[in-house]
Amino acid sequence: MTIPELPKAYAPADHEDRIRAAWDGSGAFHADPSRVLNEKAAPYSIVIPPPNVTAALHLGHALNNTLQDVLTRFHRMMGFETLWMPGTDHAGIATQAVVEKRLRQEGRLKGSLREAFTREDFVTEIQAFKDEYEAVITGQLKKMGCSCDWQRQRFTMDDVCARAVREAFFRLFLDGLIYRGKRLVNWDPALQTAVADDECYDQETDAAFYYLRYPLVHERKHQGPRDEDEDPQPATWNELAARGYPGAEEFPAEEPAWITVATTRPETYLGDTAVAVNPHDPRATALRGLFIELPLVGRIIPIIEDGYVVLPRSMAGTQEQAADPKAEFATGFLKVTPAHDPNDYEIGRRHSVDGAMHEWTRARGHPVLVNMMSPDGRVSDRHGWTDVGDAHELVGRKMAEARKMVVELFKARGLLGDVRPYRHNVKHSDRSKAAIEPYLSDQWYVKVTDPRLAKAANQAVATGDQPAGDHSLRFHPERYTRTFEQWHDGIRDWCISRQLWWGHRIPVWFGGVLTGDPQEIRTKLAHWEEQGRLAVRSKPFGDTREMAVALRLDDAVEQGDASASDESPRANQAFADTMICVRGEHDREVIDFLEEVGFEQDPDVLDTWFSSALWPISTMGWPDPGLASKMTGIGDFEALLKAFSPTSTLCTAREIITLWVSRMVMFNRYFMGEGHGRGPVPFRDVFIHAVIQDGDGHKMSKSLGNGVDPLDIIASHGADAMRFTLCQMATNTQDVRMPVRRDPATGRNTSEKFDLGRNFCNKAWNAARFGIGILAQVPPADHAPLAPGTLSLLDRWMLSRLRTATADINAAIGRFEFSVYAQTLYSLVWNDFCDWYLEGIKPTVAADAGQRAALHASLGAILRLLHPVAPFVTEAIHETFRLLRSPGVAGLQLDASGRGEMLCTAAWPVIDESLDDPEAEREFARVQSLVTSIREVRAQHQVPPRRRVTLHLPRHVEPTWRPVQALLSTLAGLDAVTTEDPPATHAVFSFDGRSLAVSGMSDAAAIDTGAEKARLEKIVADNEKLMLVLEGRLANPGYAQKAPPHMVQQTKDQLAKAIADRSAAAEALNRL
RNA sequence: GGGCGGGUAGCUCAGCGGCGAGAGCAUUCGCCUUACACGCGAAGGGUCCGGGGUUCGAAUCCCCGCCCGCCCA
């Protein structure tokens, strides 16, 4: 058989497509769950963190997926039945925003989205966009060499995953873990949806502090039903003075008194429900029992005491308080607008449960939360605000406009104090750039505060005895356990509704205006409920303290709405409070009936993380694998879930711990544990890797648009080079900076950082080219595997190094130390195999069958060890390498796995301990050391590499070098080793405390004495310096007494050698 | 505000009680030595952020401080 010669350089583009096609064609990455269930192989599984379909992948994803592929390929070669489940995520808001922007750029969308498109048409647009980007992303992953099970690829909104989402929602709803309530959210008035905190950014804005005077009044005197005509009685300065209010006497005694609030958002005063004062404020006591009458509106609100209120600088009790920048602007009085400010919301919560606000507002029938804005960002009296009073001219105004008007109205009434310019951060929406309005709206929540969810998640990481902790989930690096735990400790209920069109629609129908007989409807609902096809709940439900606020607000809203539209006949209000969750997405009978009688489905969609949280099980067909098989035509879903769930490892970045990992753990434990939160975790190990930053230290992200396309790097350096470099950078550091530059020739990004990987791949390629070239020349003898003991020193050394490296690599991958894996390979291949082994065998390998067997074994093992990180180049080499035959070396197994001829399914090397050869390692280290010394001398005398020199050894030393003389000559470029005295033109060097000589360095009659003198002087100086250090150490009495004896001995030996080396060099210097 | 990480060669980073503190790139010198110039051989280059402490011994452990970054409020 003729073995083809490999090209001189590895050109990735010449191989990658061919090899990828071969992998695809072989089905090598398709996991077979039956092998697990039949106990033919142990399972190893990973689910991909599904990339968003909003944009192409960047280098951060390249790192993430490279590491997953290393794990996947490693375990596949180790003999595990290995599943790497690929897929993509629909990314609700991000994708919707991107498509909306695109439509605008194309001129196909002007004005409001909701007016220009129907929901259905817009979703069709997004669907097309998703198809486009899903293909781009899949293409990127394939080009990177990811060995995913592509036949099983999923999408978070496909039928299989949608089924899981529907079931999960239904079960949580049924179990009372989902509720609907009013909460403050970040409201984007342009997109008209709630947005998450991480979808907002702060922008410095020039604004102002407005000082508004709020009149003080007495509570009306009579109890009982409120008399609308009874005006509240103003409190006068006189009275305040009598109550001991500091400074009251400076005002006209009989005039109505007021306090001043400072605010940057005067328009929200319409929603004020209290004024707060710090309990340490000297004015607080004097104000007890007094109230505020909101100008124009006429609403009476209480004065409450709360430590959150910033004291003005003049009253600050501590330095810290005075240093608060707000203290400069503060008046000590804070208008409390719980429906329009998160801090005020918290104050509202604190005081509504058992505080003054609660008692008082309850008695007056006033809500704690007054919402004065409509979803499009205008002042509105239709969303929970009834007491408009004289403020009606503000209704319908945009918030910014209302601000100006409020200021004017206060000014006209003499109620405007100062206006002071103030620069501060204002939250804006990432997607629309609109200023965020804190906004109270109806949202759906998962009650993750329930112990079955958050607490169960924490139990998974806790160490200790059951049931306190089961330690079934481990983070790597371990420190991230704390992040995970603290998140769950401080967790708040999870808002899962988004006011979008793209996503899983909330499967709940509300009672509206109904037609039909309530009794009949009830009967049907009960019947279906019994069949498990729907779940019925009346709102409100739940009983937490937190909800008390929301409930009171719900009441308020109902009052407001009722006055606004009082059309519905009372009989049909029977289902006004009814919420119905329909279990089956395609249960037409139920859905059609509900809609016929007037129930309407909630228009909102679920937060994307809700479906992501189910990813490890939804992709495997939960809850109905049989149905999943029917839907997809993939037959073995049933076995898939049994064989591969829970998965083995999750590989992701740290900001995902809270967003995604946490939710997967909660859901997996809940749904796979029959509702008690003690089910299995979705994965045993979570590996957190570094974040890739751009050259400016910003995180590469799809939304920032600073991502570098892996395909650019593949184009300039090749996929393996990119993978190796990324792997080599994956240390336990938190961030990796990756500056790139645009190559003017191609217009693509590239970076010199990847030269490391490219050079290494080329080095491996050429080593293989050389090795294969030698092995192809001589047909192998028909021979049993060679015993290591029969091999040469160099071969035994190489096999010993290989065995150590393999053990190190196994351990490194097991501990997720990817950079250790890469670096171990680098030095094994480059330093040991190329620099020493291949150089050393050149003169002998042609005639030494044992050496050829060792070469074959080494090369075969290296290809396998290298494959997980550099799959293309190794597979390309293997195409030729596998044609070679070799008797092999006993103790080093390079079996085929029996699953095809390709390297990707070859077995991982198993190297027996018997190949450990410390004696060979020691002996060859001595050779390396002498070779290096000779090379130093050669370099200093500028001896050309081709020129051979002669080594002169003392007669009694020579025998110790005789066995390795040939090796020494090869590596150091010697023509002879002699015991004869050197000729006049020679150079002396110190080795092992002895003075050795080299001659024949040039044809000139004399050597360069200047260079030689400088060289020797440096040796003397270096050794003298070292002697000082070592002598100092030994002179320390504590050292000899307390340090371990072998340390002391080592120091003594070092010192002896330094002294000998110094004197050898000094002697040579004298002779010169 | 709470939590976490980092500061080591010109650059990017390893090392985390005991090596004269390392690697890759960059720099300098010599080489197109028949696997590889994406290469070979050699060299120079360090108050291990600052200050205390523990220890026979600290880049490494502890305390204080100064910078930089991330996550969660």
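So you know, we letter chains A, B, ... as the sequences are listed, proteins then strands, and number each from 1.
- Rounding to the nearest 0.5 angstrom, the gap separating the CD1 atom in I877(A) from the CZ atom in F872(A) is 13.5 Å.
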Item to check | Audit row: S662(A), H488(A), side chain to side chain donor-acceptor pair (under 3.5 Å) steps and yes/no | outcome: CA-CA 8 Å; S662(A) 148; H488(A) 291 101; 2.9 Å; yes

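- Remark: aromatic rings of F687(A) and F818(A) are close, center separation under 6.0 Å.
- Within the nucleic acid shown, C834(A) comes within 4.0 Å of at least one base atom, counting heavy atoms only.
- Atom name P, nucleotides rG69(B) and rC63(B): the rounded distance is 24 Å, in whole Å.
- No salt bridge links D975(A) with R948(A); every basic N to acidic carboxylate O contact stays at or beyond 4.0 Å.
- Judged by the 6.0 Å distance and 45° axis criteria, K842(A) is positioned over the aromatic ring of F770(A).
- When rounded to the nearest whole Å, the span between CZ of F724(A) and P of rG24(B) equals 12 Å.
- Rounded to whole Å, atom C1' of rC40(B) lies 13 Å from atom CG of L971(A).
- Residue N759(A) places none of its side-chain N or O atoms closer than 4.0 Å to OP1 or OP2 of rC36(B).
- Distance CG/L1030(A) to CD/Q1050(A): 10.0 Å, rounded to 0.5 Å.
- For the C1' atom pair drawn from rG50(B) and rA59(B), the interatomic distance equals 14 Å after rounding to whole Å.
- Spacing of P atoms, rG17(B) relative to rG5(B), comes out at 16 Å, to the nearest Å.
- For R926(A) and W836(A), the positive end is not near the middle of the six-membered ring at less than 6.0 Å and at most 45° from its axis.
- Between the C1' atom of rA35(B) and the CD atom of E839(A) lies a distance of 9 Å, rounded to the nearest Å.
- The pair R801(A)-D832(A) meets the salt-bridge criterion, since a charged nitrogen lies less than 4.0 angstrom from a carboxylate oxygen.
- Distance R758(A) CZ to rG24(B) P: 16 Å, rounded to the nearest Å.
- Within the shown strands, nothing qualifies as a pairing partner of rU60(B) under the Watson-Crick or G-U definition with both distances less than 3.5 Å.
- Using the Watson-Crick or G-U wobble rule with both distances under 3.5 Å, rG1(B) pairs with rC72(B).
- Within 3.5 Å, a donor on the side chain of K763(A) pairs with an acceptor on the base of rC36(B), or the reverse.
- Using a 4.0 Å heavy-atom cutoff across all strands shown, L1026(A) reaches at least one base atom of the nucleic acid.
- A salt bridge links K1018(A) with D1022(A); the closest basic N to acidic carboxylate O contact falls under 4.0 Å.
- Atom P of rC62(B) sits at a distance of 13 Å from the matching atom of rC4(B), rounded to the whole Å.
- Counting any heavy atom pair closer than 4.0 Å across all strands shown, Q942(A) reaches sugar-phosphate atoms only and no base atom.
- Separating the CG atom of D489(A) from the C1' atom of rA73(B) is a distance of 14 Å, rounded to the nearest angstrom.
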Checklist outcome for this item: Per-nucleotide protein contact along nucleotides 5-18 of chain B, 5' to 3', at a 4.0 Å heavy-atom cut-off (B base, S sugar-phosphate only, - neither), is S------SSS---B

Detail all sub-3.5 Å separations between protein N/O atoms and N/O atoms belonging to nucleotides 42-47 of chain B.
{"unit_1": "rG44(B)", "atom_1": "OP1", "unit_2": "K1018(A)", "atom_2": "NZ", "d": "3.2"}

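- In this structure rC32(B) sits in no base pair that meets the Watson-Crick or G-U test at under 3.5 Å.
- Pair assignment for rU55(B): none, as no Watson-Crick or G-U wobble contacts are both less than 3.5 Å.
- Look at the P atom in both rC25(B) and rG18(B): the space between them is 28 Å, to the nearest Å.
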Next on the checklist: Run the salt bridge (charged side-chain N to carboxylate O under 4.0 Å, His left out) test on R474(A) and E478(A) for me, step by step, so that the C-alpha distance in whole Å, both residues' side-chain angles and the decisive distance to 0.1 Å come before the verdict.
Outcome noted: CA-CA 7 Å; R474(A) 289 163 202 261; E478(A) 209 180 343; over 6 Å; no

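- Rounded to whole angstrom, the span from the CD atom of Q486(A) across to the P atom of rG1(B) amounts to 17 Å.
- For the P atoms, the distance from rG46(B) to rC32(B) is 32 Å, rounded to whole Å.
- Ring-centre distance between H856(A) and F881(A): below the 6.0 Å cut-off.
- Pairing for rG24(B) is with rC11(B), a Watson-Crick or G-U wobble pair whose two hydrogen-bonding atom distances lie under 3.5 Å.
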Next on the checklist: Apply ring pair (Phe, Tyr, Trp, His ring centres under 6.0 Å) to residues H15(A) and Y10(A) and explain how you reach the verdict.
Outcome noted: CA-CA 9 Å; H15(A) 304 278; Y10(A) 174 63; 5.3 Å; yes

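- Within the shown strands, nothing qualifies as a pairing partner of rG44(B) under the Watson-Crick or G-U definition with both distances less than 3.5 Å.
- The CG-P distance, from L1055(A) to rG20(B), rounds to 12 Å in whole Å.
- Salt bridge annotation for D1053(A)-K1057(A): absent, with no cationic side-chain nitrogen under 4.0 angstrom from a carboxylate oxygen.
- rG22(B) and rG44(B) have their C1' atoms separated by 16 Å, given to the nearest Å.
- The same atom, P, is picked in rA43(B) and in rG24(B); the two are 13 Å apart, to the nearest Å.
- In terms of position along RNA chain B, the nucleotide closest to E752(A) lies nearer the 5' end than the nucleotide closest to the other residue of the pair E752(A) and R946(A).
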Would you tabulate the pairs of protein nitrogen or oxygen atoms and nucleotide nitrogen or oxygen atoms of nucleotides 58-60 of chain B closer than 3.5 angstrom?
none

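- In this entry the base of rG20(B) is syn relative to its sugar, with a glycosidic angle within 90° of 0.
- Counting to the nearest Å, the C1' atom of rC4(B) and the CH2 atom of W487(A) are 16 Å from each other.
- Among the protein residues, K1025(A) comes within range of no part of the nucleic acid, since none of its heavy atoms lies under 4.0 Å from any strand.
- In this structure, the separation between CG on L63(A) and CE on M729(A) is 6.5 Å, given to the nearest 0.5 Å.
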Checklist entry - So T750(A) and D743(A), side chain to side chain donor-acceptor pair (under 3.5 Å) or not? Walk me through it. => result CA-CA 6 Å; T750(A) 185; D743(A) 180 347; over 6 Å; no

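- Between K842(A) and rU33(B) there is no side-chain N or O to OP1 or OP2 distance below 4.0 Å.
- Residue N1036(A) is in sugar-phosphate contact alone, with no base atom involved, counting any heavy-atom pair closer than 4.0 Å across all strands shown.
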